[in-house]
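One structure is given here, and the rest of the page talks about it.
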Amino acid sequence: MRFSDDDIAFMAEAIALAAKGRFTTDPNPNVGALVVKNQQVLGRGYHHQAGQGHAEVYALAEAGAAAKGATCYVTLEPCAHYGRTPPCAEALVKAGVSRVVIAMLDPNPLVAGKGVAILQAAGIDVQSGLLAAEARALNPGFLSRMERKRPYVWLKMAASLDGRTALANGVSQWLTGIGARQDVQLFRAQSSAILSTASTLLTDSARLTVRQVSACSITPLTDNQIRQPLRVILDRQQRLTGSEPLFAEGGPVLLCYAAEQTPKHLAQAKVPVEQLAMTTTAFGHLCLTSVLAALHERQVNSVWTEAGSTLAGQLIAHGLVDELVLYQAPRFLGELAQPLAKLGDFQDLQQGPQWLIQDVVMLGSDIRIRALPVFPSLATSDASTEEAH
């Protein structure tokens with residue numbers, strides 16, 4: 001299907017609009033929309049927050065009666081069901097638009113072609129597939145949850161030039177500079193959940209909250225507008241007491257422990273805490289695929305992982321990492337320092353996990369590398385982990 005240069009330009013603007021919601025729409029997708037007539041934009045909209053109006057609603061409201069006979073450009077198929085808001089497909093029909101251009105169809109079973117069917121039944125010309133790859137890139141977590149029934153997993157690591165994460169004595173703060181740490185906050189703010197381990201919390205006194213986002217010039221959001229992600233902690237041995245900094249502030253906490261243990265009473269926790277008994281493998285480790293399945297049931301779109309070399313190695317080995325985000329500091333820590341990931345002893349270069357680098361940027365004096373896995377898995381057994389830093 002051929003699209004005009006104007007079509008491409010208008011859809012590109014809708015995609016840029018959609019990205020404005022990346023910190024606030026979870027668990028809904030990021031969506032942008034334009035209402036256009038005679039090459040003039042009559043209305044613009046994007047989904048601001050779950051429970052509020054969708055992108056098409058805002059664009060149609062701005063266009064008003066002039067929307068009749070216009071074209072609507074929308075990054076995701078208009079919804080066809082009643083949720084917290086009425087169906088957008090019906091709103092477009094009521095507004096009298098004559099054409100709808102959709103970047104990608106919605107894999108949500110509640111929509112999945114039904115929105116297009118409503119539009120076509122009303123005699124509206126519907127075209128789809130314009131800038132589909134760019135539209136998909138807006139919502140890796142939502143699409144992963146809908147298409148694969150599990151969250152999209154980011155693995156964040158910070159290392160020296162010699163690939164070490166901390167000194168042998170465990171000291172790691174601060175390996176990277178302020179620019180890299182602010183960048184981490186932006187990723188946390190876009191995530192549904194942050195995954196870590198009890199060992200990491202006890203070693204680093206980590207809070208795993210979103211903070212200082214207002215210091216980042218690329219976003220106009222202030223700290224009190226930011227949604228705090230669910231913090232998911234693997235605590236197989238029930239080592240946390242509720243008095244750690246994690247439990248003093250921020251969003252809710254989900255503690256995953258071995259099913260054969262009895263959950264502790266965490267009276268000192270000042271935030272909501274849910275404790276979840278998880279299956280273990282033959283080795284007595286928590287099953288990571290079960291953890292991700294539990295998060296899918298909780299409508300978790302994406303998981304930002306901050307942990308030590310054991311969990312990092314297990315996630316990589318079992319093909320559960322969708323994207324690696326590596327911050328590299330311009331220093332050496334020495335051969336006794338702690339490694340990035342425990343992956344065993346390879347006897348051939350081809351055995352080592354390979355990655356396709358997507359981009360490399362400078363953040364102050366540090367480098368950030370984003371990469372995708374070339375091969376999905378090194379493992380032949382159930383995905384599991386020990387909670388170790």
Side-chain angles (χ1 to χ4, degrees), residues 19 22-23 153-191 193-197 199-229 231 244-246 248-250 302-313 315-316 321-342 355-372 389:
R22 65 192 184 279
F23 298 108
V153 177
W154 279 299
L155 175 59
K156 172 261 180 179
M157 295 191 286
S160 59
L161 290 177
D162 52 347
R164 303 291 172 164
T165 62
L167 298 176
N169 62 9
V171 173
S172 63
Q173 295 180 332
W174 293 101
L175 180 60
T176 55
I178 185 65
R181 298 201 296 274
Q182 289 179 341
D183 195 63
V184 168
Q185 294 297 324
L186 290 175
F187 275 102
R188 285 183 180 181
Q190 295 176 72
S191 303
I194 301 173
L195 175 66
S196 192
T197 66
S199 291
T200 294
L201 295 182
L202 294 171
T203 300
D204 297 341
S205 297
R207 291 176 289 166
L208 302 178
T209 53
V210 178
R211 55 193 182 272
Q212 299 175 337
V213 176
S214 58
C216 304
S217 60
I218 67 170
T219 172
L221 295 176
T222 59
D223 291 338
N224 61 5
Q225 294 175 296
I226 292 297
R227 170 191 50 82
Q228 290 291 342
R231 292 168 293 172
E244 293 80 9
L246 174 87
E249 60 178 305
S302 57
V303 174
W304 176 256
T305 307
E306 297 188 27
S309 57
T310 299
L311 178 56
L315 287 168
I316 292 170
V321 177
D322 295 303
E323 185 174 341
L324 174 67
V325 183
L326 174 62
Y327 299 90
Q328 197 160 30
R331 66 177 76 200
F332 289 88
L333 297 186
E335 62 184 28
L336 298 180
Q338 299 183 21
L340 266 176
K342 294 180 181 179
W355 301 82
L356 180 63
I357 293 177
Q358 301 298 294
D359 72 3
V360 180
V361 299
M362 293 297 302
L363 297 168
S365 60
D366 302 316
I367 296 172
R368 187 196 70 196
I369 300 171
R370 297 180 67 172
L372 305 178
H389 185 70

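When all heavy atoms of V321 and I316 are compared, the pair lying nearest together is CG2-N, 3.8 Å. Nearest approach of M362 to I367, heavy atoms of both residues: SD-CG1, 3.5 Å. Residues A329 and D366 come closest through the heavy atom pair CA-OD1, 3.4 Å. When all heavy atoms are compared, the tightest approach of L175 to T165 is CD2-O, 3.8 Å. Nearest heavy atoms, R368 versus F187: NH1-CE1, 3.8 Å. Listed here is the closest heavy atom pair of L340 and A159: CD2-CB, 3.7 Å.
Contacts of L336 classified as side chain to side chain contact (heavy atoms under 4.5 Å, CB included), with partners at least two apart in sequence or in another chain: A168. Annotation: ring pair (Phe, Tyr, Trp, His ring centres under 6.0 Å) contacts of F332 (sequence neighbours excluded): none.
Using a 4.5 Å heavy-atom threshold, the side chains of L326 and W355 count as separate. Looking only at side-chain heavy atoms (C-beta outward), S191 and W154 come within less than 4.5 Å of each other. Side-chain contact between E244 and L201 is absent, with no heavy-atom pair separated by less than 4.5 Å. A heavy-atom distance below 4.5 Å is found between the side chains of Y327 and K156. Considering only heavy atoms from C-beta on, L208 stays 4.5 Å or farther from W304 through its side chain. Counting only heavy atoms from C-beta outward, the side chains of E323 and L372 approach each other to under 4.5 Å. A 4.5 Å side-chain heavy-atom check between R181 and L363 finds every atom pair outside the cut-off.
In this structure, K342 NZ and T310 OG1 are separated by 3.5 Å, a value rounded to the nearest 0.5 Å. For the atom pair OG1 of T176 and CD of Q182, the computed distance is 11.0 Å after rounding to the nearest 0.5 Å. Here the CG-CG distance, from D322 to L324, works out to 11.5 Å after rounding to the nearest 0.5 Å.
Using modelled atom types, one side-chain atom of S196 and one backbone atom of E306 make a donor-acceptor pair closer than 3.5 Å. In terms of modelled atom types and a separation under 3.5 Å, the side chain of D162 and the main chain of L333 share a donor-acceptor contact. Without hydrogens or angle criteria, Q358 side chain to A371 main chain gives no donor-acceptor distance under 3.5 Å. At distances below 3.5 Å, at least one donor-acceptor pair connects side-chain atoms of R164 with backbone N or O atoms of A337. Of the possible donor and acceptor atoms, one in the side chain of R227 sits under 3.5 Å from a partner among the backbone N and O of A189. Put simply, the side chain of Q228 gets close to the backbone of V210: a donor and an acceptor are under 3.5 Å apart.
Between the side chains of T209 and R211, at least one donor N or O sits under 3.5 Å from an acceptor N or O.
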